[in-house]
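In this text the structure is predicted, and so the values were computed from the model without any measurement. FYI, side chains are in, hydrogens and waters are out, and symmetry mates aren't considered; it's all heavy atoms of this structure.
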Amino acid sequence: MDFGQIYHFLFETFAGIGVLVGVILVLSVIACVIWEVRTRKTFQDRGPAEDEWALFDDEEE
């Protein structure tokens with residue numbers, strides 16, 4: 001395969017565009033996971049705020 005065939009597949013066919021979208025989604029998820037882990041390591045000493053609420057909070061006051 002030469003560059004022209006790869007370009008044609010990726011940018012001019014529905015399957016190629018699907019491959020590009022899939023690759024972008026996978027890379028985005030990997031980047032988000034890495035950044036979330038690094039953020040949790042950086043701010044691990046901070047506890048929950050007093051007025052913090054949770055969407056699925058099971059505690060009843």
Side-chain angles (χ1 to χ4, degrees):
M1 286 182 104
D2 64 345
F3 180 74
Q5 289 175 333
I6 294 172
Y7 181 86
H8 174 72
F9 173 72
L10 289 176
F11 296 105
E12 297 179 6
T13 63
F14 287 114
I17 293 171
V19 168
L20 287 174
V21 170
V23 167
I24 289 170
L25 286 174
V26 168
L27 291 177
S28 297
V29 168
I30 291 171
C32 289
V33 167
I34 290 170
W35 290 336
E36 180 67 24
V37 168
R38 293 173 91 190
T39 302
R40 286 181 188 242
K41 284 182 182 178
T42 302
F43 299 109
Q44 76 185 55
D45 60 337
R46 298 183 184 189
E50 294 296 327
D51 60 346
E52 185 176 340
W53 63 275
L55 184 61
F56 300 109
D57 192 14
D58 292 335
E59 296 178 19
E60 293 183 19
E61 295 179 24

**Item:** With sequence neighbours excluded, residues passing side chain to side chain contact (heavy atoms under 4.5 Å, CB included) with Q5
**Value:** M1, D2
**Request:** Mind jotting down which residue pairs meet the salt bridge (charged side-chain N to carboxylate O under 4.0 Å, His left out) criterion with at least one end in residues 13-27? Sequence neighbours excluded, please.
**Result:** none
**Request:** Check ring-ring contact (aromatic ring centres under 6.0 Å, His included) between F11 and all other residues, then give those that pass, not counting sequence neighbours.
**Result:** Y7
**Request:** List for me each residue that meets side chain to side chain contact (heavy atoms under 4.5 Å, CB included) alongside I34, sequence neighbours excluded, and say none if there are none.
**Result:** I30, R38
**Complete:** Heavy atoms of L10 and L20 approach each other most closely as O-CD1, 3.3 Å
**Item:** Joint cluster assignment, F9 & V23, ILVMFWY side-chain distance < 4.5 Å
**Value:** yes
**Prompt:** Which residue pairs pass the side chain to side chain donor-acceptor pair (under 3.5 Å) test with at least one member in residues 17-35, sequence neighbours excluded?
**Reply:** none
**Message:** Listing request: all side chain to side chain donor-acceptor pair (under 3.5 Å) pairs with a residue in residues 16-27, at least two apart in sequence or in separate chains.
**Reply:** none
**Asked** Which pairs count as salt bridge (charged side-chain N to carboxylate O under 4.0 Å, His left out) when at least one residue sits in residues 28-37, sequence neighbours excluded?
**Response** E36-R40
**Prompt:** Do any pairs count as a side chain to side chain donor-acceptor pair (under 3.5 Å) and have a residue in residues 12-25, sequence neighbours left out, and if so which ones?
**Reply:** H8-E12
